[in-house]
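Okay, so here's the structure we're looking at.
Just so you know, these numbers come straight off a predicted model, no measurement behind them. Residue numbers start from 1 in every chain, and the chains themselves are labelled A, B, ... in the order their sequence lines are given, proteins ahead of strands.
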Amino acid sequence: MKPRVRFAPSPTGFLHIGGARTALFNWLYARHAGGTFILRIEDTDAARNTQAAVEVILNGLRWLGLDWDEGPLSGDPAGPSRGDYGPYFQSRRRDIYQRRIEALLAKGLAYEADGTIKFKMDRAPILIPDLVVGDVRRELTDREQADPDFIIVRSDGQPVFHFVNVVDDLEMGITHVIRGEDHLSNTAKHIALFRALDADPPQYAHIPLILNSDGTKMSKRDQGASLMTYGEEGYLPEALVNYLCLLGWSPKGNREKMPLTEVIAAFDLPQILRHNARFDLAKLVWLNGEYLRELSDERFYELSAEALRRGGLELARYPDAYVRAALETCKGKVKLFSELPAYAGFYFTDEIKYDPAAAEKEFTPENRPRVDKLRAALAKLEPFEPDPIGATLKAVAQELGVKTGVLVHPTRLACCGNTAGPSLYHLLAILGKDRALARLDQALARMV
RNA sequence: GACCCUAUCGUCUAGCGGUUAGGACACCGCCCUUUCACGGCGGCGGCACGGGUUCGAGUCCCGUUAGGGUCGCCA
């Protein structure tokens, strides 16, 4: 039987990074096993659900490249969907839940209490077979000893999570429930519910949680908790996906960066680690840099331009060829697109802000005649291209009896405002002789 | 309070009774070099603690400690 797995988020208006990884692991397993990946929206709590909140989830999954075989195609519960097990919004499955409630009532496995309907929970410990954790024997806690039964229908008639989750997994033919370990304890309730519904529970695989870098629980408000921020801050989805694969699962063989197709081939449930993992942003950044370096020129250009516009630079004022040439000098240099406004901004403005410490060090009276001599040489240079520019720098330095670096540093600072940046020879060529000389003059004026 | 899960460098991990405990990120040197980044070389750094079992334990068992999770008319 082909596996059927699902990602069943509640539309709260954002997609948690942990939820994204849960979706990823479900997706990976489905793709690995040739199964079906289903997206189901758990919108039973009407008060906090909106179409926009659902769109956040859909867009998040799309951004990551996690396509679902069954599920909604839009955030509209009444809108189109794909698959034969719909509706895929719990808010549209009221009658299904109602039938199941009536069945439990008829069998005496549920009863009314204070306007709610409660489920008659098993008193004996329940064995939870788990593909990741192993067999877990769950006993009742002291509070549950006092009253093991739990509410499955609220007094307003709305069925609650534990119940709808089980009913939907049953009705949708879910074979493997892959979810966060925070649900492990609750699984006893779910298994009892499956039994009461005369059904075999699916196989469970509880995956470890993602913690903050300090080891605390990652909650909504924590930095990096929201998937959306990664796109905004210049991360590539393929880098994030790769990183997420490495959190709680290992390809073995000292592999780090690896194509998704290979991850799919190697991925399996029993190899998932049992302990929580801390989110290490530095490693994500490194991976992002690795992927960014390999990007096609076109995609690099598009994402870079977007990042620069986001940073307030007016690219439209410059010829497209100029923008492309400028951005090409940045490829392989930055690890995040969000670094670009600071890194490449000098290409798109004439107001250079010098790094104060560097200015003090480089814009000295001693450097004035050197830069002046270089300026004169560059002014006569034709064609104004990287190789001859480099040769000029070296020649002037030699005449001056100094290392090339002595000229490079103040020149770079004059043109970029920074001590680090793209290849100086290339950047000067792209800036063009007029702009380059003007920046040199501006810097020269400060060297008194 | 009860119940459940977990424990290898700072972090992510390899290890599945016999290893000089391996790799990656980060960090620190050196090399390369027009800066930075990349790349190359090297360094720092770990089996939480205590008992067992065994000829032999990072690996198996128990306990302690620590971290995480759950016990809702949230999901």
Side-chain angles (χ1 to χ4, degrees), chain A residues 8-12 19 42-45 47-49 90 113-118 125 128 130 132-134 136-148 150-162 164-165 180-189 206 208-209 211 213 215-217 243 246-257 273-287 289-290 293 330-335 339 343 358 386 389-390 393-394 397 403-409 411-413 416 418-428:
Chain A
S10 176
T12 57
E42 305 222 333
D43 57 345
T44 54
D45 187 5
R48 52 194 242 199
N49 296 312
Q90 290 184 332
D114 299 325
T116 65
I117 291 176
K118 294 177 91 171
I128 305 169
D130 191 286
V132 173
V133 188
V136 175
R137 182 185 149 96
R138 167 68 153 81
E139 290 185 31
L140 261 29
T141 67
D142 54 357
R143 286 171 204 232
E144 289 167 337
Q145 296 271 9
D147 179 14
F150 57 93
I151 290 170
I152 50 176
V153 178
R154 296 191 275 235
S155 52
D156 65 359
Q158 195 72 238
V160 304
F161 165 75
H162 295 304
V164 295
N165 187 269
E181 197 205 78
D182 49 338
H183 284 106
L184 183 55
S185 289
N186 286 150
T187 304
K189 291 178 179 171
H206 286 92
L209 269 21
L211 270 26
S213 58
T216 56
K217 182 187 182 182
Y243 177 71
L246 265 24
L247 236 39
W249 176 80
S250 169
K252 310 284 170 72
N254 293 333
R255 303 271 270 130
E256 304 287 340
K257 176 172 180 287
L273 274 330
R274 293 187 247 292
H275 58 268
N276 296 341
R278 301 185 188 203
F279 198 87
D280 182 9
L281 196 64
K283 186 157 182 174
L284 204 211
V285 170
W286 166 74
L287 253 183
E290 294 291 303
R293 184 168 293 112
C330 302
K331 195 174 171 187
K333 299 287 200 166
V334 295
K335 290 182 178 171
E339 295 173 37
Y343 191 83
I389 288 172
L393 264 290
K394 283 169 187 159
K403 287 185 179 176
T404 313
V406 172
L407 290 178
V408 167
H409 296 293
T411 304
R412 172 182 300 286
L413 188 62
C416 309
N418 292 319
T419 54
S423 159
L424 180 64
Y425 308 157
H426 290 78
L427 126 209
L428 284 170

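Side-chain contact, A:H206 with A:T187: a donor N or O sits under 3.5 Å from an acceptor N or O.
Between atom CG of residue A:L428 and atom CG of residue A:L393 there is a gap of 7.0 Å, rounded to the nearest 0.5 Å.
Minimum atom distance to the side chain of A:D114 is reached by B:rC73, of the listed B:rA75, B:rC73, B:rG68. Closest to the A:K217 side chain, of the nucleotides B:rC71, B:rG68, B:rA75, is B:rG68. Comparing B:rC73, B:rU35, B:rU13 against the side chain of A:V160 picks out B:rC73 as the nearest. Among B:rC12, B:rC73, B:rG68, the nucleotide with an atom closest to any side-chain atom of A:I151 is B:rC73.
In this structure the side chain of A:R154 never reaches within 4.5 angstrom of the side chain of A:T116, judged on heavy atoms. For the pair A:R274/A:P208, no side-chain contact is recorded, criterion being any heavy-atom separation below 4.5 Å from C-beta on.
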Only pairs under 3.5 Å count here: list side-chain donor-acceptor contacts from residues 246-256 of chain A, not counting sequence neighbours, and write none if there are none.
unit_1: A:S250; atom_1: OG; unit_2: A:K252; atom_2: N; d: 3.1
unit_1: A:R255; atom_1: NH2; unit_2: A:E262; atom_2: OE1; d: 2.1
unit_1: A:E256; atom_1: OE1; unit_2: A:K283; atom_2: NZ; d: 2.9

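Across all strands shown, A:G253 has no heavy atoms under 4.0 Å from either base or sugar-phosphate atoms.
For A:Y243 (side chain) and A:V285 (main-chain N/O), no donor-acceptor pair under 3.5 Å exists by modelled atom type.
Comparing the P positions of B:rC27 and B:rC36 gives an interatomic distance of 15 Å, to the nearest angstrom. Atom name C1', nucleotides B:rA26 and B:rG46: the rounded distance is 15 Å, in whole Å. Spacing of C1' atoms, B:rU65 relative to B:rG51, comes out at 14 Å, to the nearest Å.
Counted within 6.0 Å of CG on A:D114, heavy atoms from surrounding residues, nucleotides or ligands total 12 or fewer; the atom is thus considered open.
Considering only residues two or more places apart in sequence or on other chains, A:K331 meets the salt bridge (charged side-chain N to carboxylate O under 4.0 Å, His left out) condition with A:D297. Under the rule for a salt bridge (charged side-chain N to carboxylate O under 4.0 Å, His left out), A:K403 has no partner lying at least two apart in sequence or in another chain. A:R293 pairs by the salt bridge (charged side-chain N to carboxylate O under 4.0 Å, His left out) definition with A:E290, not counting sequence neighbours. Evaluation of the salt bridge (charged side-chain N to carboxylate O under 4.0 Å, His left out) rule for A:D147 yields A:K118 as partners, not counting sequence neighbours. A:Y343 meets the ring pair (Phe, Tyr, Trp, His ring centres under 6.0 Å) test with no other residue; sequence neighbours excluded. Remark: A:H183 pairs with A:F161 by the ring pair (Phe, Tyr, Trp, His ring centres under 6.0 Å) rule, at least two apart or across chains.
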Output one line per pair: protein atom, nucleotide atom from nucleotides 22-29 of chain B, and distance, for all N/O pairs under 3.5 Å.
unit_1: B:rG22; atom_1: N2; unit_2: A:N254; atom_2: OD1; d: 3.3
unit_1: B:rG23; atom_1: O4'; unit_2: A:N254; atom_2: ND2; d: 3.4
unit_1: B:rG23; atom_1: N2; unit_2: A:E256; atom_2: OE2; d: 3.2
unit_1: B:rA24; atom_1: O4'; unit_2: A:E256; atom_2: OE2; d: 3.2
unit_1: B:rC25; atom_1: O2'; unit_2: A:K283; atom_2: N; d: 3.3

I'd like a list of close polar pairs between nucleotides 31-34 of chain B and the protein, N/O only, cut-off under 3.5 Å.
unit_1: B:rU34; atom_1: O4'; unit_2: A:Y425; atom_2: OH; d: 3.0
unit_1: B:rU34; atom_1: O2; unit_2: A:L424; atom_2: N; d: 3.1
unit_1: B:rU34; atom_1: N3; unit_2: A:S423; atom_2: OG; d: 3.1
unit_1: B:rU34; atom_1: O4; unit_2: A:S423; atom_2: OG; d: 3.0

Could you pull out the protein-nucleic contacts involving nucleotides 1-6 of chain B (nitrogen or oxygen on both sides, under 3.5 Å)?
unit_1: B:rG1; atom_1: O2'; unit_2: A:D142; atom_2: OD2; d: 3.0
unit_1: B:rG1; atom_1: N2; unit_2: A:D142; atom_2: OD1; d: 2.5
unit_1: B:rG1; atom_1: N2; unit_2: A:R143; atom_2: NE; d: 3.2
unit_1: B:rG1; atom_1: N3; unit_2: A:D142; atom_2: OD2; d: 3.3
unit_1: B:rA2; atom_1: O4'; unit_2: A:D142; atom_2: OD2; d: 3.2
unit_1: B:rA2; atom_1: O2'; unit_2: A:D142; atom_2: N; d: 3.1
unit_1: B:rC3; atom_1: O2'; unit_2: A:E139; atom_2: O; d: 3.2
unit_1: B:rC5; atom_1: O2'; unit_2: A:E181; atom_2: OE2; d: 3.0

Pairs: protein N or O with nucleotides 44-46 of chain B N or O, under 3.5 Å:
none

For nucleotides 58-60 of chain B, tabulate all protein N/O to nucleotide N/O atom pairs closer than 3.5 Å, reporting atom names and distance.
none

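The side chain of A:K189 places no N or O atom within less than 4.0 Å of a non-bridging phosphate oxygen (OP1 or OP2) of B:rU70.
Distance A:L246 CG to B:rU11 C1': 12 Å, rounded to the nearest Å.
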